Amino acid sequence: MKWKVAMLLCLLSLGRLVEAAESVAFFYGAHPPVHLLAHFHHVVVEPDEFSKEQLKRLQRNGRVVHAYVSVGEVGRERPWLKETKEVWQLGKNPDWGSRVMDLSSPGWRNYLFEHRFRPLWKEGYRGFFLDTLDSYLLATRSGEARKRQQAGLTELILRLRREFPQASIFVNRGFEVIEQVAGSIDGVAAESLYRGWDPGSQEYRKVAPKDRRWLRKKLKQIRKRYPHLMVMVLDYLPPGKWEEARRVADRIRQDGFVPWISTPAQNQMGVGSVEVLPREVLMLWDSSQEPEGELAFSDIHRLAAMPLEYLGFVPVYRDIRKGLPEGPLSGRYAGVISWFSRNVST
């Protein structure tokens, strides 16, 4: 009997640990490392950079994949910018060169459902991450104008819940409408609690103590009043600052929030509630230097692969004749090895 009680207590403790270990990762860049993202319960991705097979792979592992959707702005790089009407636009965001959209416009909200939410749901996404909720503040000044935007934003989120009752919905800030939509969302995120990014100066910065206290208080109020909501903090550091990223993530956890520390472009693996240590080693070789271009005859395969595999690493070969990998490699690979028998010319 005693061992059954002990086992029950152990299972209850494990349940609390699993709940406390709720994790989220953000990755918007090209060539997302799905095998690393699979370690996180919630994964937020840029749908334009994510394939259906990658989506299914994460979902087979029980992960909730959230599609990034900007509801308050349209970036100048977005191909659908030309599809938006001028009457849906409030102004511009000078820092990013994007268009600030009119959330009070039924036409704009309908466009989001017809061209973003419904197609993404059809593709298989079962989560949405709504960004740029507060962009209207850049283009409005009067209280009445802002109230119209807040009413439109509230209607958008409530409609999203009505149409997709099974979806997991995260929002980035939107503090002015949290009271109206708290029952229709699953999580709230905020950027820059300790470390941030200034798009104007293109510099990383420490958050001013006054701003940090204000944001921490706001997030704690949300967590206390709406305990069902997952409260996330996204902070930004330059690539490779792993020790500092761990310290910042620890501080965010101590505040009671779910951390994610990465670059502002979200194009490298970061540090969150889970820190994934990459095991893949990028192996650069030149097929023109090998008999018949065969990898099996190359020194990098014959002499370097076995010691790496013995140590638990996974060699990933890349023929430089096909070009070098794109995007940041930090956080994706444990290391890089190049092995050439003579000078390389491309």
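This is a predicted model, so every value here is computed, not measured.
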Notebook entry, point to check: Between F113 and R159, is there a cation-pi geometry (under 6.0 Å to ring centre, at most 45° from the normal)?
Noted result: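 Pair R159/F113 counts as cation-pi.
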List in chain and number order the residues that pass side chain to side chain contact (heavy atoms under 4.5 Å, CB included) with [X], two or more places apart in sequence or in another chain; answer none if no residue qualifies.
| X | answer |
| --- | --- |
| E77 | none |
| D186 | R161, S168, I169, F170 |
| R302 | D299 |
| K85 | V87, W88 |

Notebook entry, point to check: Which hydrophobic side chains are connected to L295, either touching it within the sub-4.5 Å cutoff or through other members that do?
Noted result: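 Once heavy-atom contacts under 4.5 Å are chained together, L295 belongs with V281, M283, W285, I300, L303, L308, Y310, L311, F313, Y317, I337, W339.
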Which heavy atom of [X] sits nearest a heavy atom of [Y], and at what distance?
| X | Y | result |
| --- | --- | --- |
| V271 | A245 | CG2-CB, 3.9 Å |
| A249 | G272 | CB-O, 4.4 Å |
| L234 | A189 | CD1-CB, 3.9 Å |
| L55 | G124 | CD2-C, 3.7 Å |
| L324 | R318 | O-NH2, 3.5 Å |
| I252 | P259 | CG2-CB, 3.6 Å |

For the pair [X] (side chain) and [Y] (backbone), establish whether a donor and an acceptor sit closer than 3.5 Å, ignoring hydrogens and angles.
| X | Y | result |
| --- | --- | --- |
| T132 | S135 | no |
| N110 | P106 | yes |
| S273 | V258 | no |
| Q89 | E86 | no |
| D319 | R321 | yes |
| W108 | V71 | yes |

Would a hydrophobic clustering, with Ile, Leu, Val, Met, Phe, Trp and Tyr connected at side-chain separations under 4.5 Å, put [X] with [Y]?
| X | Y | result |
| --- | --- | --- |
| V314 | L282 | no |
| I261 | W197 | yes |
| M232 | V69 | yes |
| V43 | V64 | no |
| L81 | L120 | yes |

Contact check, side chains of [X] and [Y], non-hydrogen atoms, under 4.5 Å:
| X | Y | answer |
| --- | --- | --- |
| R173 | V188 | no |
| R63 | R57 | no |
| Y125 | H66 | no |
| R332 | P278 | no |
| L130 | L160 | yes |
| D134 | E176 | yes |
| S262 | M269 | no |

Note to self: Using side-chain contact (heavy atoms from CB on, under 4.5 Å), reason through L193 and V207 one step at a time and then give a plain yes or no.
What the structure shows: CA-CA 6 Å; L193 182 59; V207 177; 5.9 Å; no
Next item on the list: Going by the side chain to side chain donor-acceptor pair (under 3.5 Å) test, name the single residue among R212, R216, K206 that passes it with Y194.
Entry: R216
Next item on the list: Would you check, one step at a time, whether the test side-chain contact (heavy atoms from CB on, under 4.5 Å) holds for V276 with F40?
Entry: CA-CA 9 Å; V276 183; F40 297 84; 3.6 Å; yes
Next item on the list: Go through the steps for R109 and L103 under the test side-chain contact (heavy atoms from CB on, under 4.5 Å), then give the verdict.
Entry: CA-CA 7 Å; R109 297 198 302 270; L103 292 166; 5.6 Å; no
Going by the rule ring-ring contact (aromatic ring centres under 6.0 Å, His included), which residues pair with [X] if we only count those two or more places apart in sequence or in a different chain?
| X | value |
| --- | --- |
| Y28 | Y68 |
| F27 | none |
| F297 | none |
| F257 | none |

Margin query: Between R78 and D48, does any side-chain N to carboxylate O distance fall below 4.0 Å?
Written below: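 Answer for the salt bridge query: yes.
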Margin query: I'd like to know if E53 pairs up with R60 as an ion pair, taking the criterion as any Lys NZ or Arg NE/NH1/NH2 lying under 4.0 Å from an Asp or Glu carboxylate oxygen.
Written below: yes
Note to self: Does anything in residues 232-253 form a salt bridge (charged side-chain N to carboxylate O under 4.0 Å, His left out)? List the pairs, not counting sequence neighbours.
What the structure shows: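 Those involving residues 232-253 are R195-E244, E243-R246, R246-E275, D250-R253.
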Distance-only donor-acceptor check, side chains [X] and [Y], under 3.5 Å:
| X | Y | result |
| --- | --- | --- |
| T84 | R99 | no |
| Q180 | T154 | no |
| R279 | Y333 | no |
| E49 | H31 | no |
| E290 | S287 | no |

Notebook entry, point to check: Angle class for the F26/W260 ring planes (parallel below 30°, perpendicular above 60°, tilted otherwise)?
Noted result: tilted
Next item on the list: Compute the ring centroids of F117 and F128, then answer whether they are less than 6.0 Å apart.
Entry: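 Ring-ring flag for F117/F128: true, centres closer than 6.0 Å.
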Next item on the list: For E83, look at atom CD and say whether over 12 heavy atoms of other residues, nucleotides or ligands are found less than 6.0 Å away.
Entry: yes
Residues 218-230 side chain polar contacts: donor-acceptor under 3.5 Å, at least two apart:
{"unit_1": "R223", "atom_1": "NH1", "unit_2": "D255", "atom_2": "O", "d": "2.9"}
{"unit_1": "R223", "atom_1": "NH1", "unit_2": "G256", "atom_2": "O", "d": "3.3"}
{"unit_1": "H228", "atom_1": "NE2", "unit_2": "A182", "atom_2": "O", "d": "2.9"}

Next item on the list: Go through the steps for H115 and W80 under the test side-chain contact (heavy atoms from CB on, under 4.5 Å), then give the verdict.
Entry: CA-CA 9 Å; H115 297 274; W80 56 85; over 6 Å; no
Next item on the list: Only counting residues at least two apart or in another chain, list the ones meeting side-chain hydrogen bond (donor to acceptor under 3.5 Å, both in side chains) with N172.
Entry: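 N172 satisfies side-chain hydrogen bond (donor to acceptor under 3.5 Å, both in side chains) with D131, E191 once adjacent residues are dropped.
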Next item on the list: Tell me, with the steps shown, if E73 and S98 meet side chain to side chain donor-acceptor pair (under 3.5 Å).
Entry: CA-CA 6 Å; E73 293 185 28; S98 53; 2.4 Å; yes
Next item on the list: State the CD-OG distance between Q149 and S105, to the nearest 0.5 angstrom.
Entry: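 Rounded to the nearest 0.5 Å, the CD-OG separation comes out at 9.0 Å.
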